[in-house]
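Take a look at the structure below.
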Amino acid sequence: MESSFYLIQLLNGIQYGFLLFLLASGLTLIFGIMGIINLAHGAFYMIGAYLCYWLTGITGNLFTGILLAIPLSILFGYAVERLAISHLYKRDHLYQVLLTYALILIANELQSIFWGNDVHSVPIPELLKGAIQLTDNQAYPIYRLFISAACVVIAIAMYWVIQKTRLGMTIRAGASNREMVQALGININWLFAIVFSMGATLAALAGMLAAPVNTVYPGIGDNILIISFVVVVIGGIGSIKGAFIGALLIGLADTFGKVLLPEMASMVVYALMAAVLFWRPQGLFGKV
Amino acid sequence: MSDQKKPGISRRDILKGGAAAAGLATASSLIPTRFAIGGTAKVKVGILLPYTGTYAKLGTNIKDALQLRINENGGKLGGREVEYVNIDSEAAPPKASELTNKLIKKEQVDFLIGPVHSVVGMAMVKIARKADVITVIPNAGANGLTGSLCAPNIFRTSFSSYQPGFPAGQAMLEDGHKNVVVMYWNYGFGKETAAAFKSSFLAGGGNIVKEIPTPFPKVEFQAYLTEVAALKPDAVFTFYAGGGAVKFVKDYAAAGLNKTIPLYGAGFLTEGVTGAQGAAAEGVRTTLHYADSLDLPANHRFREAFMKATGNPADVYAVQGYDAGDLLIQGMAAVEGDVKAKAEMIKAMEGATIDSPRGKFTFSKAHNPIQDIYLREVVNGQNQVVRTVQKAVEDPAKGCKIG
Amino acid sequence: MHTVTRPIIIFLCICLVMLLLFPAVGSPFYTELVTRIMILSIFTISLDLLIGFTGLVSFGHAAFFGIGAYLLAILFNDVEHINYWWSLTLTLSMTGMAALVIGWLSIRTSGIYFIMLTLAFAQMCFYFFFESPHFGGDDGIFLMNKPEIMLGSRQLVDLENEHHYYYFVLAWLVGVYLFLSMILRAPFGHVLIAIKANEQRVRALGYSTPHYKLVSFVIAGTIAGLAGFLEAAHTSFVTPAYLGWHESGMAIMMVILGGMGTLFGPVIGTFIVVLLQDFLPGFTEHWKLIMGGIIIGVVLFLPNGVAGLIYSLTNRLSSKSKEAGREHV
Amino acid sequence: MSEIILKTEKLCKNFGGLKATDNISLDFERGKVHAILGPNGAGKTTLINLLSGELLPSSGRILFKGYDITDARPEKISRIGIGRSFQKTNILPGFSCLQNCWIGAQSCLMTSMRFFRPAKHLREVHRRADHALQLCGLSSKRNQIAATMSYGEQRQLEIAMMLATEPELLLLDEPLAGMGSEESQQVTELLKELAKEQTLILIEHDMDAVFSLADTITVMVDGAELETGNVDQIRNSKAVQDAYLGHDEEDAA
């Protein structure tokens, strides 16, 4: 194979990595700051994808669809946090695993009731429909580049919010010392509700952005859940930077695993995770 | 997505379900099926299909079409009323044995219909063979179900993985494609289809440039498409289905590959999903035992009736369910509703000719349809028949010891 | 640390008698269903040894269930006369080895990382069987013949006979229960429970806690393998789905619903969950909605599970004779 | 001068840029009570954690009876005869008093990997556990669940668990922390009793208790050793008064 082949694969890997980052960033936020294992992350992704399909269908435009779906996701995340998650902060991880597992069952049934079991697709807006010719016979869809760009923008925005704003400072403080934040007179319940709905919305946003390339069908959430966890754990729980690096690593490992080790393509990712944790049990950028 | 709505819905469903369950309980307690042979008692048809998860749509269509066919027969089998026992298989293999047992031992059904998922089918057939319950498989395509696992009481109205795969090799050679990349989901169905394709394609002098199995049920194809682009084959043969098929066809078109490298596949690539695939599916050619646009009276009749009964357009899965109903009708008619006369009924079913929407077909010795395979092309979102590739394709039924 | 009080012993004896009598009154379907529940109970009890007693939340325990089942199906795939004792020994020792390797790698981590690492290994095993061309892939693999339990030349138990198999599995369940309660009563078990309560302190008292955790992990894995062995011998059919994370999740659900940290809790939990799965789908198509609601209810309102409920009931009943009738687990 | 049981050589521990332990070289003599004093944040607990293996030092060495134990983990340290108690109560709350001590007594007897014999049949373990309870005056509470005992009793149990391992050297991290005067008195008596036979390394805030118990005192400030000497030397040291009392005033302010 010529070098352009590997260059394009590199592009594929990075692009997949960006998408994985978007999936994992919400999870690591909730993981790291609230100490909650949110198995329902995939359910939020699924809900985002379906909301996008539904609202795009109504409004006829992907962007208005997404703009309408975001506040709905925020509300939904907030409701879940208040009604269910907020009772679990002092409890063992085990109960969080279980409760969020139950949320998956419920979300999947609600999806089946509201939207049925068909496979749907979301049209790509005219503006982003084209493709860039890479080789004589392969083109790269502009929408994929748009997703990558959106992921980078979101990554930078998250970095900015967490490092530079007052909210971010409170969030960081809350992650390291819950009592201290409370002592400073900040309502920790309110803070956690914000973080959770932010995390849920990020997952839903990933679902929305990916909907036009991924199609929307029952069970999409389950497929991305485990891989998101792998990214978060490799990067180190709670580390946005770690999630970014982890996502790129996984994206590249998965892409090149498929090309170079097709027989074991699915195992490569898990083997990478096991190797990283063996070497650094707390992940690449995790705190001890 | 409201949490307010949730209790309302579940309550309503519970009430509905509860009433149905109560009705069912009284019915079965009043009429002890076991002792009543012939006229009075209802015939119990156990249906094990997925109604939740990825395969839910297939399960629903098969069930609706099966009941449609029996309702066309006055809702009766061999003159007896029919009672359906529906169980959601969840397409979950670990539960398959338990759920099959539930139908056979607890509900004591006379007939078993199902499943969609081949692995569930494996477990189910194994039990059904032992319990000697007449079983009609309306979808699951694993070759083994009418191969090494075949039995007198097991019938299939759908296809074996061999059937859409094998003629595809011939079809692609006829279309002039000699150097082909084979891509498929690396699981039983995909592997069997690809193997059948290869056997005819290689025998006809074709050349397989590369075989790319992709992990099932993952839908990240970008790396593979880059590989295809670099290999520059004449065409690509694929096996994907459901959500994976939509994603694959769209990704293939988005990468611009459809302009230079024609895409072929086993029929499921464009079955029931062309709406979601949109323009990307145009020109994709697939082989299958059915096409929506088949110009046969039976097909027109069926499609109209199905649309009227369910409000949904029919697809190949519905056809398979419809034919399963037809097979039951013929079997029961031959014994006039006496389910105890198994040998006689099986004989009648073996000899049945099904006037299917896909065209008339009969059964092989292994109880798999001997059917025509069509080459279809997606035109304006419709699978149009290009030509009949091979008439009366029969599964070789490797390992089958009956007949 | 839970103690087995006298009312609990009476309760367990009643349950045992009911299980002994059940095949006489139950229909063939329910006899078989209870057989399956008892097999799953062996699996969930073994998980409880990790979750409830050692404090290791394994999210990949189904891997060992699946490995046990697969080993039987692979190693003895077309053997005509499978010697039960030999196949059991071989299967369990190999499952134990797998647990040793996975455990050794996982136990270095703790908390969330342990949860995720066990999940990762289970997924690796899942994909190994799922994509491997040799073991049937996702179609699974059949076991052509059932093991034969011979004593000399006489057949001891006929595994083809549902009633025989029922009592055979029941005997295993009781055996595993007694084995684990013995372990937990022994010094080793005390250390495990202490590790769950406060690992740092136990280390400071001179225990090499990773060793204890590893031994516990291997025991639990081997017993899970036993359950897988029994299941494979029962259905003669093994698929990769046995190793999936949904199965691991369901097992955790059963342990918690029943009450972790008690050995009988998981058994109760398994009965409840499987019977609900049997019963609810007849009620509504969207039965998983109800299942999800039940799980949330348990998490929020019944954190100690049904066993916790039984304890608080019996404690209220026997609060006066509490000191007298106490025995340590 | 009697035998040196424990020795540290240029022990350092850094957390990031912070020097929590700065070049500590101390000798601890067998049979003596060696107290370590210092204001909050002086690095006393870090030092104990280094000695007990909870933390690994950044540099320097620790020698126990001449053997290098610098890199040993907590379980190893405990096995070779160094017991420790924790500043925050660190017991097994669901266990009874006796069971808590059992766990301690069992550890060095190499019987813990026994699977089948019920724990209560092991006579030697029983003897040790009982002895430890008796020393700490908890014999009457032996069957009480630890979580239900008073704070003072839990502190005593903390020490009893350590004693059940029958260590040669005891590391006590603020055994009097948070106690009322009466409880405090009791524990001080217990420590005096222990001091007759054992070697103690004691971290304590309570000056009176330290002065009444200790044979040798080391004062630490900002992770470093300020001064080491007997009670009178320390009491009269100018440097100590400046540093320690000065800090105290700051704290009060």
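Naming: A, B, ... by sequence-line order, numbering from 1 per chain. Atom set for the values below is all heavy atoms of this structure, side chains included, hydrogens, waters and symmetry mates excluded. Since we're looking at a predicted model, the values are computed, not measured.
In this structure D/His131 satisfies the ring-ring contact (aromatic ring centres under 6.0 Å, His included) test with no other residue, sequence neighbours excluded.
Within residues 195-203 of chain C, the residues having any heavy atom under 4.5 Å from a heavy atom of chain D are, by residue number, C/Ala197, C/Asn198, C/Gln200, C/Arg201, C/Val202, C/Arg203.
You'll find the side chain of C/Ser208 stays beyond 4.5 Å of the side chain of D/Arg73, heavy atoms only. Between C/His190 and D/Ile103 there is a side-chain heavy-atom pair separated by less than 4.5 Å.
Contacts between D/Ile91 and chain C at a heavy-atom distance below 4.5 Å involve the backbone alone (N, CA, C, O). For D/Glu54, the part lying under 4.5 angstrom from a heavy atom of chain C is the side chain only.
Separating the CG atom in C/Leu205 from the CZ atom in D/Arg79 is a distance of 11.5 Å, to the nearest 0.5 Å.
For NZ of D/Lys13, the number of neighbouring non-hydrogen atoms (other residues, nucleotides, ligands) closer than 6.0 Å is greater than 12.
Nearest heavy-atom pair, D/Glu75 versus C/Tyr207, reported as atom, atom and distance to 0.1 Å: CB-O, 3.0 Å. Considering every non-hydrogen atom in both D/Ser78 and C/Ala204, the closest pair reads CB-O, 3.2 Å.
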